[in-house]
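Chain identifiers are assigned alphabetically (A, B, ...) following the order of the sequence lines, protein sequences preceding nucleic acid strands; residue numbering begins at 1 within each chain.
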Number of protein chains: 4
Amino acid sequence: MPSRSPKSSTLGRPANPEARAMRREQILRGARACFRRKGFHAASTAEISAEAGVSVANLYQYFPTKDHLIKALIEEDLTSDLDLVGMVEAAGSFRRGLEMTTQLVLADPAMTDDGLLRLEVLAEASRNPEIAAVVREADDHLVAALGALIVRYQNSGEIHPEINAADAARLIVSLYDGLIGRLAFGAAAETELVAAADSFIVRALAAVRAVPDPDM
Amino acid sequence: MPSRSPKSSTLGRPANPEARAMRREQILRGARACFRRKGFHAASTAEISAEAGVSVANLYQYFPTKDHLIKALIEEDLTSDLDLVGMVEAAGSFRRGLEMTTQLVLADPAMTDDGLLRLEVLAEASRNPEIAAVVREADDHLVAALGALIVRYQNSGEIHPEINAADAARLIVSLYDGLIGRLAFGAAAETELVAAADSFIVRALAAVRAVPDPDM
Amino acid sequence: MPSRSPKSSTLGRPANPEARAMRREQILRGARACFRRKGFHAASTAEISAEAGVSVANLYQYFPTKDHLIKALIEEDLTSDLDLVGMVEAAGSFRRGLEMTTQLVLADPAMTDDGLLRLEVLAEASRNPEIAAVVREADDHLVAALGALIVRYQNSGEIHPEINAADAARLIVSLYDGLIGRLAFGAAAETELVAAADSFIVRALAAVRAVPDPDM
Amino acid sequence: MPSRSPKSSTLGRPANPEARAMRREQILRGARACFRRKGFHAASTAEISAEAGVSVANLYQYFPTKDHLIKALIEEDLTSDLDLVGMVEAAGSFRRGLEMTTQLVLADPAMTDDGLLRLEVLAEASRNPEIAAVVREADDHLVAALGALIVRYQNSGEIHPEINAADAARLIVSLYDGLIGRLAFGAAAETELVAAADSFIVRALAAVRAVPDPDM
DNA sequence: TATGAATGAGCATTCATTCAT
DNA sequence: GATGAATGAATGCTCATTCAT
C-alpha cells in the first residue's frame with residue numbers, strides 16, 4: 001500500500017501537478033503573445049484565453065486576476081535575464097562576452113519580441129509598485145552579477161581599475177534597454193549599431209586607449 | 001433672412017483660432033497628466049476630460065479619436081526633444097553640454113514624469129505603425145542634430161575622429177532612454193549614476209585617454 | 001439678458017432636471033418590476049434596463065451601482081408607507097381606519113406586488129447594514145405615527161388606556177408584514193383572513209370586551 | 001467476468017446509505033450557513049461546498065441542482081416548525097405555551113438566524129411555485145395543529161368560543177413571521193416586545209376581558 | 001464515492017463615441 | 001462652440017454545472 005498525501009485517505013481524483021504546470025505555461029505563452037501584440041492593458045482575458053486555447057474560466061483557475069497573470073509573466077521573464085551574465089562569464093574576454101550577449105539580446109528575432117515586452121514591463125513598473133519591486137529585485141541581481149564580472153576583468157587588467165563596477169553595470173544594462181527601445185519604432189538597431197554598442201562599452205571601460213572600430 | 005455677419009469676410013469660419021488653440025493645449029495638458037498616471041490605454045476619455053476641465057464631447061471636437069489625441073500628444077512631446085541639442089550646442093565643451101542635458105533629462109522632477117511617458121510612447125510605437133513613424137522621424141532629427149554636434153567636436157579635437165558620429169548619437173540617445181527606464185522602477189538613477197553616465201559617454205568618445213572620474 | 005447658472009456663462013446644452021427625474025423614475029419602475037419577479041440578486045442590470053426601455057450604460061448614469069439602485073428603490077417604497085397612517089387618521093374610528101388600511105395593503109392587487117417586494121427588502125436588510133438603516137428609519141417613523149394615533153384613540157376611550165402604544169404599533173406592523181408573507185406562498189390571505197385580522201387587532205386593543213366577529 | 005459481489009444480494013446498490021445520509025446533512029448544514037449569510041441567490045455552490053468541507057462535484061452527487069438543494073433545505077426547515085406546536089401543547093395553559101414558543105422563536109439566538117432564513121424562504125416562494133407548494137403544505141400542517149390546539153382551549157374556556165380557530169392560528173403565525181421580519185433590520189424585537197406580543201395574542205383571543213400587561 | 005479540472009453563459013460595470021440642444 | 005444625455009460593444013470576472021479520473 002503506497003503512502004499518499006497524509007491529509008485525505010479517501011482520495012478522489014488525484015491532483016496532477018505536472019499537468020497543472022504545463023497548463024500554466026500554456027496560458028503564460030498565450031498571454032505573452034497577446035501582451036506583445038497589444039500591451040498589458042489592451043489585451044483582454046478573452047483574447048489571451050483564445051490564444052492559449054483554454055476557456056476564460058480556466059485561466060482564472062490558474063491566475064486569480066489579470067494582474068497576477070501579468071506579474072507571473074514578468075517574473076518568469078526577468079529571472080531568465082540572469083542567464084545573460086553566464087554568457088559573458090563563459091566567454092574568454094569581456095569584449096567577446098559582450099558581443100555574444102548583444103547578439104542575443106538585440107539580434108535574435110525571438111528575443112526581439114521579448115525585448116518589446118520589456119518596454120511594457122518598465123511602463124507598468126512605473127505605475128504598479130508591486131511590479132516595480134519585482135523589476136527592482138531582478139535588476140539588483142543582474143547588476144550584482146554583471147558588477148562582479150566587471151571586477152573580475154578589472155583584476156585581469158582588461159577593464160580600467162578606477163571604474164565603479166556597479167555603476168558601470170547599471171549603465172551597460174541601461175544601454176541595452178535603450179537599444180531595445182529603438183527596436184520598438186523600427187530604428188536601425190541592426191548589425192551595424194549593435195557592433196557599435198559593443199565598441200562603445202569597451203571603449204568606455206577599457207584600461208588602455210583602444211582604437212575605435214572602423215565601423216563605429 | 002439676415003445677410004452674412006459683416007464682421008468676417010472670410011466666409012464661413014467664424015471661430016476664433018486662438019481660443020481653439022488654447023483649448024487644444026488645455027486638453028493636451030490634461031491628457032498628458034492622465035497618460036503619465038495610467039498609460040495610454042488605461043486612461044479613459046472621461047478622466048482626461050475631467051482633468052482638462054472640459055466635457056467629453058468637447059474633447060471630441062478637437063480630436064476625432066482617442067488615438068488622434070495620443071498621436072498629437074506624442075508629436076508635441078517629441079518636437080520638444082530637439083531643444084536638448086541646443087543645450088549641448090550652447091555649452092562651451094561637449095562634456096559640459098552633456099552634464100547640462102543629463103541633469104535636465106534625468107534629474108529635473110518635471111522632466112522625470114515626461115520621461116516615464118517616453119516608455120509608453122516607445123511601447124505604443126512597437127504596435128502602432130503610425131506612431132512608430134512619428135517617433136522615427138523625431139529620432140532622425142535628434143540623431144542628425146546630435147551627430148552634427150559630435151562632428152563639430154571631432155573637428156575641435158574633443159571627440160575621437162574615427163568614431164561614427166551617427167552611431168554615437170544613437171548610442172547616447174539609447175543610454176538616456178535606458179536610464180529613463182530605470183526611473184520607472186525606482187532604481188537609483190539619482191545624482192551618482194547620472195554623473196557616471198556623463199563620464200561613461202565622454203570616455204567612450206574621448207579623443208585621448210581620460211582618467212576615470214573618482215565617482216565612477 | 002436672463003441671469004443663469006452662476007458658474008458658466010458659456011453655456012452648452014442646458015441641464016434638464018425634470019427630464020432627468022423622469023428618466024430616474026422610469027428606471028426605478030423597470031427595476032421594481034424586475035425585482036418583484038426575480039428578487040434583488042437574480043434580476044440583472046440588463047433585464048432592468050430592457051424593462052425600463054433604456055440602455056444599460058444609461059442606467060449607470062443615474063445609479064452608480066446596482067446597490068445604489070436597490071437602495072433608492074427601497075427608500076422610495078418606504079417613504080410611501082407613511083401614507084397609510086393618514087388613512088387611519090382620516091377615518092372616523094380606529095376600527096374603520098384599520099379596515100381601510102388592511103384593504104389597501106393586502107387586497108389591492110397593485111399593492112400586493114409591492115408587498116412581495118417587502119420580503120426582499122427585509123431579507124436584504126438582514127445582510128446589508130446600509131439597507132437596514134434605511135428600513136429602521138422608515139420603521140421608526142411609521143411606528144411613531146401609528147403610536148400617536150393609538151394614543152389619540154386611547155384618549156377617546158376606543159383603545160384600552162393601559163396598553164403601551166409604541167409596542168402596539170410595532171405589533172400591528174408586524175402582523176401586516178406577516179400577512180404579506182402569506183401572500184408570498186399563495187395562502188388564503190383573502191377577504192376572510194383580512195377581516196379576521198382587523199377583529200384580531202381591535203379585540204387585542206379594545207377598551208371594553210368586544211364580541212368577536214361572526215366571521216372570525 | 002466476475003460474478004456479482006457476494007456481499008449484497010440486493011442487486012447493484014453497494015453504497016452505504018447511512019454514510020450517504022450523513023454527507024447529505026453535512027452539505028445541508030454548510031448550505032444553511034451560507035444561505036443565511038448571503039441569501040439563496042448570492043450564495044455560490046463553491047462557497048457552500050467549501051463551508052461544508054466537500055468538493056463542488058461531490059455536492060452535485062447529492063443534489064442534482066442548486067435549486068434542488070434549496071428546496072431540500074427548505075423542506076427540512078419547515079418540518080421542524082411543527083415541533084413548536086408540541087410546546088404549546090405540553091404547557092399547561094395557552095398563555096404559558098405561547099410564552100415558551102415566543103421565547104424560542106424570537107429570543108434564542110440560534111433560532112434567530114433560522115428566522116432570517118425564513119424571509120428568504122417566503123421571498124423565494126413568491127417566485128418559485130414549487131417552493132410555494134412546499135411552504136403551503138407546511139403551513140397547512142402548522143395551522144391545522146395550532147387550530148386544533150385553539151379548539152382545545154376554547155373547550156377549556158381559556159379562549160373565546162366564537163373565534164374562528166383556523167383564522168386565529170393563521171394570524172398568530174403571521175404575527176410571528178412579522179416579528180421575525182423585525183429581527184432582519186435590527187429593530188427592537190427584544191424581550192420587551194416579545195412579552196407584549198404574548199399579551200397581544202392572549203387579549204385578542206381571551207374568553208374574558210383581561211387586564212393589559214403593565215409592560216404592554 | 002469523491003475529487004480536480006474544465007467550460008459556456010452570464011454578470012456588473014466601463015469605454016469610446018455620437019447625438020441633441 | 002460647448003455641453004448633457006445616450007448607447008453598443010467590450011472588459012474583467014464568476015457561476016452553475018459537467019467530465020475525467
For DNA chain E, which residues of residues 16-26 of chain C approach it to below 4.0 angstrom with any heavy atom? none
Kindly state which residues belonging to residues 63-76 of chain B come within less than 4.0 angstrom of DNA chain E, counting heavy atoms of the residue only, listed by number. T65(B), K66(B)
Just jot down the side chain to side chain contact (heavy atoms under 4.5 Å, CB included) partners of [X], sequence neighbours excluded, or say none.
{"X": "A50(A)", "result": "none"}
{"X": "A123(C)", "result": "R127(C), L119(D), E120(D)"}
{"X": "A125(B)", "result": "F185(A), I131(B), A132(B), V135(B)"}

Atom [atom1] of [X] and atom [atom2] of [Y]: how far apart are they, to the nearest 0.5 Å?
{"X": "D77(B)", "Y": "I74(B)", "atom1": "CG", "atom2": "CD1", "answer": "8.0 Å"}
{"X": "L116(A)", "Y": "R36(A)", "atom1": "CG", "atom2": "CZ", "answer": "8.5 Å"}
{"X": "L59(A)", "Y": "S49(A)", "atom1": "CG", "atom2": "OG", "answer": "4.5 Å"}

Residue whose closest nucleotide on DNA chain F lies nearer the 5' end, A15(C) versus H41(A): A15(C)
Which sits closer to the 5' end of DNA chain F, S44(A) or L59(B), going by the nucleotide each is nearest to? L59(B)
List, with names and distances, any nitrogen or oxygen atoms from the protein found under 3.5 Å away from nitrogen or oxygen atoms belonging to nucleotides 19-21 of chain F.
from	atom 1	to	atom 2	distance (Å)
dA20(F)	N3	R13(A)	NH1	3.3

Return whichever of Y60(C) or V54(A) has its heavy-atom-nearest nucleotide of DNA chain E closer to the 5' end. V54(A)
Taking for V56(A) and for F40(B) the nucleotide of DNA chain E with the nearest heavy atom, the one nearer the 5' end belongs to V56(A)
Mind checking if A42(B) touches a base, just sugar-phosphate, or nothing, with heavy atoms under 4.0 Å? nothing
Got a sec, which residues hit side-chain hydrogen bond (donor to acceptor under 3.5 Å, both in side chains) with E76(A), two or more places apart in sequence or on another chain? R32(A)
Paired and unpaired positions of DNA chain F as dot-bracket, Watson-Crick or G-U wobble under 3.5 Å, | denoting a partner strand: .||||||||||||||||||||
Taking the side chain as C-beta and beyond, is there a heavy-atom pair between Y62(D) and L28(D) under 4.5 Å? no
Derivation of the side-chain contact (heavy atoms from CB on, under 4.5 Å) call for R118(A) and L78(A): CA-CA 9 Å; R118(A) 169 90 180 166; L78(A) 290 181; 3.6 Å; yes
Could you pull out every donor-acceptor pair under 3.5 Å between side chains of residues 63-73 of chain A and any protein atom, sequence neighbours left out?
from	atom 1	to	atom 2	distance (Å)
K66(A)	NZ	F40(A)	O	2.9
K66(A)	NZ	A43(A)	O	2.8
K71(A)	NZ	E130(A)	OE2	3.2

Ignoring the backbone of N58(C), work out which of dA6(E), dA12(E), dA6(F) is nearest its side chain. dA6(F)
Indicate whether OP1 or OP2 belonging to dG4(F) is found under 4.0 Å from a side-chain N or O atom of S55(B). no
Report yes if a side-chain nitrogen or oxygen of T45(C) is closer than 4.0 Å to either non-bridging phosphate oxygen (OP1 or OP2) of dA12(E); otherwise report no. yes
Tell me, which pairs form a salt bridge (Lys or Arg N to Asp or Glu O under 4.0 Å) where one or both residues lie in residues 40-56 of chain D, sequence neighbours left out? R37(D)-E51(D), K38(D)-E47(D)
Result block: side-chain N/O donor-acceptor pairs under 3.5 angstrom for residues 16-23 of chain A, not counting sequence neighbours:
from	atom 1	to	atom 2	distance (Å)
N16(A)	OD1	E18(A)	N	3.3
N16(A)	OD1	A19(A)	N	3.2
R20(A)	NH2	Q61(A)	O	3.0
R23(A)	NE	Q26(A)	OE1	3.2
R23(A)	NH1	N58(A)	OD1	2.5

